[in-house]
Amino acid sequence: MGIIIDGKELSRKKREEISRQAGEFSRAHGRPPGLAVVLVGQDPASAIYVRNKKAGCEQCGIRSFEHLLPESTTQKELLALIDTLNADDAVDGILVQLPLPSHLQEREVLLRIDPAKDVDGFHPYSMGRLLMGEPTLVPCTPRGIMYMLDEHGIDPKGKDAVIIGRSNIVGKPAALLLMMRHATITICHSRTLNLDRKVASADIVVAAIGRPEFIRGEWIKEGAVVIDVGMNRTEAGLKGDVEFEGAKRRASLITPVPGGVGPMTITMLLDNTLIAARARVS
Ligand code: NAP
C-alpha cells in the first residue's frame, strides 16, 4: 500500500524556508522580493489562482503587485503594462495568468517578459537554457515534482521514468529535469501506442494529461512512484489523471488530487520569485 505524498505539508515546510529567506533579502536590500501578477478578464478559475498567489506572497513576505485588467484590454495595453513591470525595480517576477482572452496573443505577451523576471519559466530563453542544462528559472509544477521526490528520498538516477503528456509547461520540462537527474525517460502522448505497457515498465510515473482517472491502477508497477499532475473538475469533484485507489494499492509513493502537486506549484512560484530577486541584485 503506497505512502501518500502530502503536498500541503511539504508546501508548508518549504514556505517557512521561503519566508525566512525573503526576510533576509528584505533586511539586506531594504525591500522585499516583488511579484507582479497580471489577470485579464473574469475567468473564475484564473481569479482563484491569482487570489491564492497573492495570499502565498503575503504569507511569505513577498510584495505582490496585482493588475486586474478588464476583458476589453487590448494587446497594445497589455504589452505596455509588461514594459512598465520590466522597468520597475521593485518587481522581480512577472506572471501573466493564462489562458488569456482569445483576442490577445499569448506568445507575444510571454516573449515580452524580461527573462530575468520570467518566474513561470515559460519564455523561450528560459526553456532553451533548461534544455541546455544551464541555470535558469524552471517552470513551477515540474520543480514541485522534483522537490517532492527529493523530500521523499527518491533518487531518479538509473530509474525508468514514464511521463504522460508533452506540454511545454509540465510534460517536457518534467522529462528534462528527470533526465538531468539521470533517469531514463519515456515521453508519452495522445499518439503513443500500448500506453499501458509503457506505464507498467515505469519506476516513476508522471501523469500530466488532463483526463480524469485515465491511467488505470492495474497498469502501475508494484513499488512505483506515482506523481499525478492532473486537475480535472468532474461531477464527483476534483480528480487526477490516475485512478487513485487502484494505483495506491500498487505504488510505493503516490500524490493525491487534491493536496499533491497543486499546492507545490504556487510554492515554487514564490521560490522562483526569491531566486529572481537574488539574481537581479547580485
Ligand atoms: P495539455 O497542454 O493539454 O497537455 C496534455 C498532454 O496530454 C498532451 O501532450 C497530450 O498529447 C496528452 N494526452 C492527451 N490525451 C492523451 C491520451 N489519450 N493518451 C496519452 N496522452 C494524452 O495539458 P497540461 O497543461 O500539461 O496539463 C495537464 C494536466 O495537468 C491538466 O489536468 C492540468 O489541469 C493539470 N495541471 C496541473 C497543475 C498543478 O499545479 N497541479 C499545473 C499545470 C497543469 P498530445 O500532445 O499528443 O496532444
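Ligands are counted one by one from 1 in listed order, and the atoms in each one are counted from 1 as well. This structure is a prediction, so every number in the text was calculated from the model and none was measured.
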What's the shortest distance from [atom] to any protein heavy atom, and which residue and atom give it?
atom	value
atom 21 (N) of ligand 1	His189 C, 3.1 Å
atom 31 (C) of ligand 1	Gly210 CA, 3.6 Å
atom 34 (O) of ligand 1	Met231 O, 3.5 Å
atom 11 (O) of ligand 1	Ser190 N, 3.2 Å
atom 42 (C) of ligand 1	Thr141 OG1, 3.3 Å
atom 9 (O) of ligand 1	Arg166 N, 2.8 Å
atom 1 (P) of ligand 1	Ser167 CB, 4.1 Å

Notebook entry, point to check: Which part of Arg211 is near ligand 1, with near meaning a heavy atom under 4.0 Å away: side chain, backbone, both or neither?
Noted result: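 Within the 4.0 Å criterion, Arg211 contacts ligand 1 through side-chain atoms alone.
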Check: Is it the side chain, the backbone, both or neither of Thr192 that has a heavy atom closer than 4.0 Å to ligand 1?
Finding: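 Thr192 to ligand 1: no contact under 4.0 Å from either part.
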For ligand 1, which atoms sit closer than 4.0 Å to a heavy atom of [X]?
X	value
Gly262	40 (O), 41 (N)
Asn232	32 (O)
Ile169	25 (O)
Gly165	6 (C), 7 (O), 9 (O)
Thr265	39 (C), 40 (O)
Phe214	17 (C), 18 (N), 19 (N)

Checklist line | With Asp92, the salt bridge (Lys or Arg N to Asp or Glu O under 4.0 Å) member among Arg63, Arg31, Arg278, Lys117 | finding: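 With Asp92 as partner, Arg63, Arg31, Arg278, Lys117 yield a single salt bridge (Lys or Arg N to Asp or Glu O under 4.0 Å), made by Arg31.
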Per [atom], closest listed option by heavy atom ([options]):
atom	options	value
atom 6 (C) of ligand 1	Ala208, Gly171, Gly260	Ala208
atom 23 (O) of ligand 1	Ile209, Val170, Ile163, Val261	Ile209
atom 37 (C) of ligand 1	Asn168, Val229, Leu195	Val229

Note to self: Would you say NZ of Lys198 has more than 12 non-hydrogen atoms from neighbouring residues, nucleotides or ligands within 6.0 angstrom?
What the structure shows: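 Enclosed: over 12 neighbouring heavy atoms sit under 6.0 Å from NZ of Lys198.
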Next item on the list: Check for a donor-acceptor pair, side chain of Gln75 on one end and backbone N or O of Gln105 on the other, with a separation under 3.5 Å.
Entry: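 Judged by distance alone, yes, a pair lies under 3.5 Å.
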Next item on the list: Check for a donor-acceptor pair, side chain of Thr255 on one end and backbone N or O of Asp228 on the other, with a separation under 3.5 Å.
Entry: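 Judged by distance alone, yes, a pair lies under 3.5 Å.
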Check: Thr267 and side chain to side chain donor-acceptor pair (under 3.5 Å): which partner among Arg15, Lys14, Gln59?
Finding: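 Testing each of Arg15, Lys14, Gln59 against Thr267, the sole residue satisfying side chain to side chain donor-acceptor pair (under 3.5 Å) is Arg15.
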Check: How are the rings of His123 and Tyr125 set relative to one another: parallel (under 30°), tilted (30 to 60°) or perpendicular (over 60°)?
Finding: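 Rings of His123 and Tyr125: perpendicular, over 60°.
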Next item on the list: Please assess Gln42 against Glu71 for the test side-chain hydrogen bond (donor to acceptor under 3.5 Å, both in side chains), listing each intermediate value before the final yes or no.
Entry: CA-CA 7 Å; Gln42 310 275 335; Glu71 181 90 23; over 6 Å; no
Margin query: Please determine whether a side-chain nitrogen of the Lys or Arg among Glu16 and Lys13 lies less than 4.0 Å from a carboxylate oxygen of the Asp or Glu.
Written below: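 Judged by the 4.0 Å cut-off on N to carboxylate O distance, Glu16 and Lys13 do not form a salt bridge.
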Note to self: Taking Glu24 first and then Arg27, would you say they form a salt bridge - that is, a charged N and a carboxylate O separated by under 4.0 Å?
What the structure shows: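 No.
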Item checked: Heavy-atom closest contact (Gly230 atom, Asp241 atom, distance) ->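 Answer, listing the atom of Gly230 first, then Asp241: CA-OD2, 3.3 Å.
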Next item on the list: Please examine the side chains of Leu68 and Val50, heavy atoms only from C-beta on, and report whether any two atoms are closer than 4.5 Å.
Entry: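 Counting from C-beta outward, Val50 and Leu68 do come under 4.5 Å.
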